[in-house]
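This structure is a prediction, so every number in the text was calculated from the model and none was measured. Order of listing sets the numbers, starting from 1, for every ligand and every atom in it. Values below: every heavy atom of this structure, side chains too, minus hydrogens, waters and symmetry copies.
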Amino acid sequence: MAATRTFSIIKPDATRRNLTGAVTKMLEDAGLRVIASKRIQMTREQADGFYAVHKERPFFGELVEFMISGPVVVQVLEGEDAVARNRKVMGATNPADADEGTIRKAYAESIEANSVHGSDSEENAKIEIDFFFDEDEIVG
Ligand code: GDP
């Protein structure tokens, strides 16, 4: 199968605990290649826009506050079946439900502060990549 792309965020709980390298190693060990990466302080406008699909959910306000509470690392990942491969190594949203060997089992603090974001479909991956990256920033 040809390589595909997905979008990842190393969330503020993980950057705060200096886990950028540890999380990235788990992504790489899962067969994903970081083909673009930047550490940014997300603005409130960016967080609102990025999570717009969750606007009606009761935790939306808290989620936005959390995502702007410190720096994040946004990444484009490439690999065979990248979306599913990344979701598998991320683990369940709630770390209490996450399997052994997943990033969230290893590092997540809570259902909210769960260390990583990963696109849930190829369609959303493209939208999310375009939200944070210009094509010339994706260097391979
Ligand atoms: P994901 O695709 O596994 O990240 O999960 P969702 O798309 O359902 O939720 C997006 C993000 O919202 C999660 O990664 C969490 O950071 C946060 N989140 C999800 N469920 C809850 C919740 O019940 N409470 C709070 N505070 N945050 C949540």
Side-chain angles (χ1 to χ4, degrees):
M1 193 194 278
T4 56
R5 291 176 177 182
T6 192
F7 175 73
S8 167
I9 305 177
I10 302 176
K11 293 184 178 180
D13 67 288
T15 61
R16 191 175 293 126
R17 287 175 290 151
N18 208 22
L19 293 170
T20 299
V23 170
T24 302
K25 176 157 174 43
M26 289 184 77
L27 297 171
E28 291 176 340
D29 287 348
L32 294 159
R33 173 178 288 268
V34 180
I35 61 168
S37 183
K38 55 189 176 186
R39 189 173 178 104
I40 61 166
Q41 172 63 53
M42 225 187 261
T43 64
R44 182 176 298 278
E45 291 67 33
Q46 280 176 313
D48 270 346
F50 184 74
Y51 281 118
V53 291
H54 294 310
K55 213 149 200 144
E56 303 311 320
R57 294 173 85 171
F59 56 81
F60 176 76
E62 278 172 58
L63 177 59
V64 168
E65 293 300 331
F66 165 62
M67 291 301 289
I68 65 174
S69 68
V72 299
V73 180
V74 290
Q75 298 176 318
V76 182
L77 307 177
E78 187 176 79
E80 202 174 290
D81 206 4
V83 169
R85 189 177 285 265
N86 185 40
R87 295 293 304 188
K88 187 163 182 224
V89 71
M90 285 165 61
T93 309
N94 186 344
D97 302 328
D99 290 339
E100 284 298 336
T102 64
I103 293 167
R104 285 167 166 170
K105 176 73 175 183
Y107 298 124
E109 294 181 316
S110 67
I111 192 169
E112 177 179 86
N114 58 6
S115 304
V116 279
H117 165 85
S119 310
D120 62 3
S121 68
E122 287 219 16
E123 190 188 356
N124 283 337
K126 190 176 172 357
I127 293 167
E128 293 174 357
I129 290 168
D130 289 346
F131 193 89
F132 284 105
F133 288 95
D134 292 332
E135 191 57 39
D136 66 2
E137 292 179 300
I138 304 171
V139 292

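Annotation for Phe131 and Gly49: closest pair CZ-C, 4.0 Å, computed over non-hydrogen atoms.
Relative to the ring axis of Phe133, Lys38 places its NZ or CZ within 45° and under 6.0 Å from the centre.
No donor-acceptor pair under 3.5 Å is formed between the side chain of Arg39 and the backbone N or O of Pro71.
Ordered by chain and residue number, the residues placing a heavy atom less than 4.0 Å from ligand 1 are Lys11, His54, Arg57, Phe59, Glu62, Leu63, Arg87, Thr93, Arg104, Ile111, Glu112, Asn114.
Atoms OG1 and CZ, from Thr93 and Arg104 in turn, are 5.0 Å apart once rounded to the nearest 0.5 Å. Tyr107 contributes atom OH, which lies 9.5 Å from atom CZ of Arg17 (distance to the nearest 0.5 angstrom).
Side-chain polar atoms of Ser69 and Arg16 form a donor-acceptor pair below 3.5 angstrom.
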